[in-house]
Amino acid sequence: MADVRVRIAPSPTGKFHLGTARTALFNYLFARKNEGKFILRIEDTDNTRSEGQYVNDILEGMKWLGLHWDEGPEVDGKLGPYFQSQRLPLYDQHVQQLLEQKKAYKCFCTPVELEAERTAQQQAKQPPKYSGKCRKLSAETIAANEKAGQPFAVRFIVDHQTVTVEDLIRGPVEFDAALIGDFPIVRSDGAPLFVLTNTIDDSLMGITHVFRGEEHLANTAKQLLLCKALGFLEPQFGHLPLIFNADRSKMSKRKNPVSITDDYRAKGYLPEALINYLALLGWSSGTDREIFSLNELVKEFQIERVGKSAAIFDPEKLLWTNGYYIRSLQLGDLATRCKEFIKDGEILQKVEEDPEFFLQAIQLVQERLKLLGEIEGLIEFFYREPQYEAGLLIARKSDEERTLKALELAREEIKKLKKLTLDQTEFVLRDAADDNGLKAGEMLWAVRVALTGKEASPGVFELLEAFGKDEALKRIETAIQKLKK
Ligand code: GLU
């Protein structure tokens with residue numbers, strides 16, 4: 001395919017969210033696969049709702065995910081500017097063209113009139129559609145209205161016809177234009193509307209393919225009409241399936257965690273994992289393979305393998321994927337990423353003082369870590385004596401007396417050792433339990449709790465090795481005193 005150019009065109013009216021990230025990813029993959037260009041355009045014509053902080057959030061989120069764009073904000077390109085708010089004269093020029101060619105007209109209907117029209121249609125059980133009243137206004141009336149300072153919208157004339165969207169994912173989808181009616185392309189406050197600006201920019205930026213959410217399908221029908229009227233080449237469209245929650249409710253900004261930076265990056269999802277998971281929201285490789293890096297996705301991705309049916313968002317699966325990626329990270333890399341999630345000043349200071357010990361701690365919890373944000377809770381006991389109730393030291397089917405004996409025995413055996421190496425400690429403790437009529441399990445349970453304050457933790461012998469003799473003895477002593485109280 002020659003000169004593929006695709007884009008992601010988010011509106012900065014909220015945080016960069018999961019759905020936009022998925023659309024960005026599919027466009028990115030399509031561009032890279034076809035050696036084309038991936039463009040980022042900020043659709044910020046809605047002054048009242050667009051905010052600079054959301055632009056930053058989008059740029060940051062895209063970079064974090066590794067979805068680097070070839071043209072757009074911060075990256076030079078010949079067809080900018082890439083902010084719609086800086087392109088207003090271009091839209092105006094095209095509106096004038098449509099007005100002159102009588103393909104659009106000024107509409108002076110007030111919001112009250114339009115509302116009354118809609119209510120009447122509702123009562124008559126007719127689909128809502130603009131009556132076309134202002135289409136017939138004479139040149140004199142228009143001039144007089146304008147002179148009187150009456151605000152007007154600009155509407156695009158839609159003649160009866162069938163509009164067919166040749167969707168690359170859904171096949172041909174037909175729309176009866178008679179149901180669309182003359183739609184506005186400029187609001188009565190002068191702001192150009194999405195269907196217009198989006199169509200103009202896609203054409204002027206040489207966009208060849210538009211992949212976006214299914215919620216835009218009806219807009220596409222309007223945009224094809226605009227393309228024709230403006231003499232533009234039509235891009236090819238593909239509408240991605242909507243993303244639903246497991247209970248089939250629509251994902252919503254208010255009810256679901258959808259912000260890439262706040263809900264995913266900040267909690268400790270890895271961008272690799274999120275990319276992998278998002279790719280599978282609508283696309284499948286056709287095999288049961290589930291793990292793909294971004295580069296592998298570029299190789300494997302085929303737009304033909306994007307499904308039509310709704311994609312179901314499964315947070316458990318995403319978490320699993322994240323754990324998988326965490327387990328596959330090199331220790332040093334994982335430690336660097338984890339460090340960013342340590343907020344406790346005292347722990348952070350100790351981490352910096354002894355990076356080796358931090359690596360050991362990370363290595364011991366890597367297996368159970370599913371979110372980087374859980375790291376502090378998982379390694380806290382390495383840095384601080386644990387708090388726990390004495391009762392926790394007693395293993396199931398054991399009792400206080402036996403537990404005390406087990407801990408005292410462990411203390412004596414550990415004292416005899418010069419250094420706590422994995423093999424030796426295991427051998428000595430198991431033997432001691434055996435020789436003294438104790439189960440290894442009840443001794444190891446008690447030692448684990450003494451060291452960590454937790455019921456589940458990395459292996460006891462690994463922990464003893466990491467802590468070293470002095471710290472291990474100190475914690476076992478504390479446990480013994482707790483039991484004696
Ligand atoms: N600004 C639109 C949105 O965020 C862009 C839709 C499109 O990709 O064309 O939904």
Side-chain angles (χ1 to χ4, degrees), residues 4-31 36-59 61-62 67 69 71-73 79 81-88 90-91 165 167-170 173 183 185 187 191-227 230 232-243 250-253 258-260 278 282 303 306:
V4 160
R5 288 175 63 82
V6 294
R7 77 333 184 246
I8 179 75
S11 308
T13 53
K15 290 262 178 173
F16 181 46
H17 68 90
L18 216 61
T20 312
R22 197 257 324 235
T23 305
L25 172 62
F26 283 27
N27 279 285
Y28 174 90
L29 295 176
F30 188 81
K37 293 277 188 264
F38 174 57
I39 293 137
L40 170 60
R41 179 173 78 227
I42 303 292
E43 301 213 318
D44 56 349
T45 46
D46 189 341
N47 267 336
T48 50
R49 294 170 59 223
S50 296
E51 284 184 36
Q53 57 155 326
Y54 298 139
V55 174
N56 292 338
D57 191 62
I58 292 165
L59 303 189
M62 293 270 292
L67 301 177
W69 54 97
E71 293 172 29
L79 300 174
Y82 296 92
F83 285 85
Q84 286 195 325
S85 54
Q86 295 166 20
R87 300 173 64 81
L88 297 175
L90 285 169
Y91 309 135
V165 179
D167 194 302
L168 289 171
I169 294 163
R170 330 185 75 76
V173 185
F183 58 84
I185 51 176
R187 263 192 339 219
L193 284 159
F194 163 74
V195 279
L196 178 81
T197 57
N198 190 264
T199 307
I200 294 175
D201 287 344
D202 282 346
S203 173
L204 299 186
M205 292 182 179
I207 300 302
T208 54
H209 298 76
V210 173
F211 298 110
R212 59 183 183 183
E214 197 189 324
E215 69 275 16
H216 284 293
L217 195 50
N219 286 331
T220 301
K222 294 180 186 169
Q223 294 187 260
L224 287 177
L225 291 171
L226 279 169
C227 272
L230 289 163
F232 291 161
L233 279 179
E234 293 169 5
Q236 284 190 274
F237 285 88
H239 291 87
L240 309 175
L242 297 178
I243 305 174
K250 248 195 98 181
M251 280 201 101
S252 95
K253 283 186 203 171
V258 291
S259 156
I260 297 292
L278 288 175
I303 198 71
V306 174

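Read the numbers this way: they start at 1 and go in the same order the structure lists the ligands and their atoms. Given the structure is predicted, the values throughout are model-derived calculations rather than measurements. We're numbering straight along the sequence, starting at 1.
You'll find the side chain of Pro192 stays beyond 4.5 Å of the side chain of Ile185, heavy atoms only.
Taking a cut-off of under 4.0 Å to the non-hydrogen atoms of Glu43, the atoms of ligand 1 that pass are 1 (N), 2 (C), 5 (C). The ligand atoms of ligand 1 that sit less than 4.0 angstrom from a heavy atom of Ser11 are 1 (N), 2 (C), 3 (C), 4 (O).
Using a 4.0 Å heavy-atom cutoff, Asn198 is listed among the residues neighbouring ligand 1. The closest approach between a heavy atom of Phe211 and any atom of ligand 1 is not below 4.0 Å.
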For Phe16 and Tyr54, what are the C-alpha separation, side-chain angles and deciding distance, and is it a ring-ring contact (aromatic ring centres under 6.0 Å, His included)? CA-CA 7 Å; Phe16 181 46; Tyr54 298 139; over 10 Å; no
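Between the side chain of Thr199 and the main chain of Val195, a donor-acceptor pair closer than 3.5 Å is present.
Nearest non-hydrogen protein atom to atom 10 (O) of ligand 1 is His216 NE2, 2.9 Å. Of the protein's non-hydrogen atoms, the one nearest atom 8 (O) of ligand 1 is Arg7 NH1, 2.7 Å.
A cation-pi geometry, defined here as NZ or CZ lying under 6.0 Å from the six-membered ring centre and within 45° of its normal, does not hold between Arg87 and Phe83.
Below 3.5 Å of separation, one finds an N or O of Ala9 facing an N or O of ligand 1.
Taking the six-membered ring for Trp and the full ring otherwise, Phe211 and Phe26 have centroids separated by 6.0 Å or more.
Enclosure of atom NZ in Lys253 by more than 12 non-hydrogen atoms of other residues, nucleotides or ligands within 6.0 angstrom is indicated.
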